[in-house]
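This report refers to the structure that appears directly beneath it.
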Amino acid sequence: MLKNLFRPCSAFVAGGILSLGLSAQQKKDPVDYVNPYIGGIGHLLTATSPTIQLPYGVMRLVPSTVGGADRYLATQISGFPSGGVTLMPTAGPLETDAARYASEFDRDFEVVSPYYGSDVLDRYGITVEYTVARRVAMYRITYSRNTAAHILITGGEIAESGPSSVSGFSGGAGAREYFYATFSRPYASPQTFQPHGAAGGRGGGGGGRGGGGQVAGLALDFALRPGEHLIVRIGTSYISTELARRNLMADTHETDFEQVKSAARATWNRELGKIAVEGGTESERTIFYTALYRSMGRPTDITEEGDQYYSGYDQQVHPAEGHPFYVGDNFWDTHRSLHPLQLLLDPRRQVDMVRSLLRMYDETGWLPTVPTIAGDRGVMIGHHGTAFITDTYMKGYQDFDVEKAYAGMRKNAMEATILPWRRGPLTELDRVYLEKGFFPALAKGETESVKEVHPSERRQAVAVTLENSFDDWCLAQMANALHKDDDYAYFMKRAHNYENVFDPRIGFMAPKSADGKWVEGFDPKLGGGQGGRDYFAEMNSWTYSFYVPQDIPGLIHLMGGQEAFSARLDALFTEGYSGSKYVFLAKFPDSTGLIGQYAQGNEPSFNIAYLYNYAGQPWKTQFRLRQIMKVWYGDGALGIPGDDDGGAVSSWYVLSAMGFYPVTAGRPVYDIGSPLFRQVRISLANGKTFTIIAHNVSEKNKYVQSATLNGKPLNVPRFAHSDMWSGGSLVLEMGPLPNRNWGIAAP
């Protein structure tokens with residue numbers, strides 16, 4: 001293979017961190033620390049993608065690669081997907097079989113940042129540069145050889161729109177993604193073809209949500225001399241190709257490639273710059289700003305030119321009325337740390353996300369939990385949209401129809417099934433939960449007879465009880481704030497349902513069958529089948545026994561008091577696998593990032609290290625947080641401990657590295673951990689600044705010796721959201737040994 005025939009010299013990669021033309025002496029902007037390759041190899045399941053996207057923007061650019069899910073290891077590119085269509089530059093004899101036109105590329109010569117990418121297609125001697133606006137992808141393609149130049153356009157159905165444009169769509173009738181693409185010069189001799197593996201057929205719509213005349217692929221020829229650029233702009237829309245064209249014009253009208261690239265860089269610097277860190281190592285700053293970038297990818301704003309949006313919930317176009325419409329979320333992942341982080345940086349955006357959920361409620365009669373462009377996706381467990389809305393409201397951001405939000409949350413709690421991976425009305429199992437206060441598991445030897453139970457996701461009975469107890473607590477907080485006294489009493493009672501699945505004989509959360517009897521032979525570590533799904537969600541009882549964020553003092557009491565509770569936490573971090581580690585991980589593949597039975601790679605673990613703060617031993621929180629961040633987060637391809645889930649795992653790092661964490665969504669309080677940086681400045685949306693100062697902090701000086709909040713001594717390891725929002729500073733004196741007298745006041 002001939003390599004390095006045409007390499008760009010404007011940017012390079014050094015040591016796995018992007019340089020993008022910076023000299024060693026230049027001060028880095030926040031975006032220059034971002035390394036999208038971090039996490040590009042999955043520890044067991046899903047790797048991250050080196051995504052080029054504006055914060056919360058609908059257009060995402062990641063080249064399609066040949067091979068497995070670990071994109072960082074790929075050596076061939078097969079195309080560049082861009083909002084409903086994929087383009088692939090080729091040269092020489094025309095190949096229209098997707099299995100045959102892929103090109104080798106070398107990551108050592110690839111450039112990728114949040115706002116710009118560049119790849120060299122070695123087979124063809126073509127350099128492909130790409131940048132992004134909110135609804136537009138822009139490519140600058142340079143051919144280095146004096147040979148026939150082609151662009152293959154595939155994906156869905158495509159039509160010629162003029163001498164230098166094409167349009168079309170992909171996807172089904174419920175959520176079509178339309179595109180409009182323009183080229184900087186006319187193309188010649190367009191050929192239609194059926195890409196390898198495409199579904200075939202004609203029909204569908206390009207001008208709106210209907211129409212015809214499209215084909216599955218177009219090969220476009222261009223007359224280009226070596227070194228000449230071809231500029232391709234692709235606009236996207238969920239409404240029509242005409243809106244895709246208008247979105248393209250609105251986002252990139254009369255702007256060249258470098259202007260779009262510069263604007264995208266400036267946008268990322270503005271958003272990432274809302275948190276300024278000083279100190280730490282180069283690696284820690286790289287991990288931090290990359291994690292912050294990962295925390296701004298979703299949900300996405302799909303509002304289009306003309307202040308309108310398409311809703312997959314009623315399949316209609318609606319006026320946005322000045323409030324963007326957001327989709328692409330999974331509150332099981334994101335209510336814990338991603339949305340609390342986003343709220344700190346842009347509460348108005350979070351309120352618009354709540355408003356988006358209420359529009360979905362208007363359009364369907366149900367409040368979604370996993371809102372996608374095509375509707376509420378029935379995955380995971382719990383109605384944690386309730387937690388997200390409650391957390392937003394309790395932190396003081398209430399510019400939405402609160403009564404409507406409450407009605408939607410209450411309807412989910414009273415009328416919607418809580419079966420895993422299902423949406424729909426109540427089932428016989430839900431009625432057991434409502435009547436007896438726990439979700440029933442199968443008794444030992446019992447065969448599943450309830451048709452609504454997902455065949456592979458099973459009942460997850462204990463986790464369903466625990467997570468819905470938390471949602472019920474959140475709903476109770478809203479009821480109390482709205483003076484709905486009867487509802488408050490009712491849902492607070494349900495918030496204690498966690499007590500019904502705590503088995504004091506073994507000291508773990510455990511399954512009960514519908515008759516109220518404990519399931520015989522339950523193993524807290526290995527019980528429940530694949531992923532523990534008979535009883536839990538992807539994890540085991542060692543983790544889920546600590547999942548009572550709404551009533552930590554009550555959980556401590558169940559486990560025998562502070563000393564016994566702290567000992568149980570110690571055991572979590574030291575307990576083995578009862579056999580080979582590979583056997584354990586084969587059964588619990590989501591439980592990566594292990595320290596004993598603690599698994600940083602999955603969301604139910606996120607608040608556990610902070611629970612020592614409630615057991616009178618905050619120095620152990622400080623120790624474990626530093627251990628987790630040091631061991632399981634890095635600046636290389638294996639740098640994320642598990643599936644990032646749209647930034648959820650990354651957002652935990654951002655908050656913990658700053659030195660605090662929201663242990664309970666819906667309670668406007670942050671627990672103090674152990675910051676990595678000597679100073680963190682958070683620029684708040686109200687124009688004020690909150691600063692965390694850690695005197696003498698270092699790798700070894702990880703223990704809090706004393707603290708002041710806005711100049712006053714702070715003797716508990718937490719502070720209120722209102723203290724932060726008012727501006728000011730949290731000052732921590734750090735040292736190499738625990739101060740066992742600080743932060744031990746009762747929670």
Side-chain angles (χ1 to χ4, degrees), residues 39 41-47 69-70 381 420 441 444 456-463 466 501-503 505-511 518-548 555 559 564-612 620-621 623-634 638-645 648-649 652:
I41 299 175
H43 283 264
L44 207 56
L45 297 176
T46 304
D70 292 328
I381 62 175
K444 186 176 182 179
S456 59
E457 292 298 331
R458 314 294 293 160
R459 294 190 181 188
Q460 302 181 24
V462 182
L466 294 171
V501 290
F502 182 78
D503 187 347
R505 301 172 305 169
I506 60 173
F508 285 91
M509 301 294 176
W518 298 109
V519 173
E520 295 179 10
F522 168 66
D523 181 346
K525 186 181 299 181
L526 300 174
Q530 178 64 26
R533 286 179 172 84
D534 286 340
Y535 312 132
F536 300 99
E538 304 177 348
M539 305 184 80
N540 64 16
S541 189
W542 273 87
T543 296
Y544 262 104
S545 290
F546 293 102
Y547 188 85
V548 188
L555 178 63
M559 290 189 173
F565 182 77
S566 183
R568 283 293 306 277
L569 285 171
D570 292 344
L572 173 72
F573 286 99
T574 57
E575 180 70 16
Y577 310 118
S578 296
S580 299
K581 184 177 181 180
Y582 73 87
V583 172
F584 179 83
L585 283 172
K587 189 165 189 176
F588 295 99
D590 293 273
S591 292
T592 50
L594 285 166
I595 303 175
Q597 288 293 297
Y598 175 87
Q600 179 61 29
N602 210 8
E603 285 81 2
S605 295
F606 279 5
N607 69 353
I608 290 178
Y610 289 90
L611 297 182
Y612 285 110
K620 290 186 178 179
T621 284
F623 172 82
R624 287 300 179 188
L625 291 174
R626 284 297 193 93
Q627 181 187 36
I628 294 165
M629 288 188 280
K630 181 177 181 178
V631 171
W632 284 116
Y633 289 84
L638 283 164
I640 296 178
D643 294 5
D644 198 23
D645 289 325
V649 177
W652 182 95

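These numbers were taken from a predicted model, which means no experiment stands behind them.
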Heavy-atom closest pair, residues [X] and [Y]:
X      : Y      : result
Ala47  : Ala69  : CB-O, 3.8 Å
Asp643 : Val649 : O-CG2, 3.1 Å
Ala537 : Ile381 : CB-CD1, 3.8 Å
Met509 : Leu555 : CE-CD1, 3.9 Å
Asp503 : Ala510 : CB-CB, 3.9 Å
Gly42  : Leu638 : O-CD2, 4.4 Å

Is the closest side-chain heavy-atom distance between [X] and [Y] below 4.5 Å?
X      : Y      : result
Glu538 : Arg533 : yes
Arg624 : Ile608 : no
Tyr612 : Phe565 : no
Tyr544 : Val462 : no
Pro604 : Phe536 : no
Pro524 : Ile506 : yes
Phe502 : Met559 : yes

What distance separates [X] [atom1] from [Y] [atom2], expressed to the nearest 0.5 Å?
X      : Y      : atom1 : atom2 : result
Thr46  : Asp645 : OG1   : CG    : 7.5 Å
Ile640 : Gln600 : CD1   : CD    : 11.0 Å
Met539 : Asn602 : CE    : CG    : 5.0 Å

Test item: [X] side-chain N/O and [Y] main-chain N/O as donor-acceptor pair under 3.5 Å:
X      : Y      : value
Ser605 : Gly601 : no
Lys525 : Gly576 : yes
Arg568 : Ser545 : no

Using the ring of each side chain (for Trp, its six-membered ring), is Phe606 parallel, tilted or perpendicular to Trp652, with breaks at 30° and 60°?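 Ring orientation, 0 to 90° scale: tilted.
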
Going by ring-ring contact (aromatic ring centres under 6.0 Å, His included), name the residues that satisfy it together with Trp518, two or more places apart in sequence or in a different chain.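 If we apply the ring-ring contact (aromatic ring centres under 6.0 Å, His included) test to Trp518, skipping adjacent residues, there are no hits.
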
For the pair Leu625 and Tyr610, evaluate side-chain contact (heavy atoms from CB on, under 4.5 Å) and give the outcome as yes or no after the intermediate values. CA-CA 8 Å; Leu625 291 174; Tyr610 289 90; 3.5 Å; yes

Taking distance alone, no hydrogens or angles, what donor-acceptor pairs closer than 3.5 Å link side-chain atoms of residues 580-595 to residues at least two apart or in another chain?
from: Lys587; atom 1: NZ; to: Leu526; atom 2: O; distance (Å): 2.3
from: Thr592; atom 1: OG1; to: Pro641; atom 2: O; distance (Å): 2.7

ring-ring contact (aromatic ring centres under 6.0 Å, His included) partner of Trp542, chosen from Phe508, Tyr577, Tyr547: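 With Trp542 as partner, Phe508, Tyr577, Tyr547 yield a single ring-ring contact (aromatic ring centres under 6.0 Å, His included), made by Phe508.
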
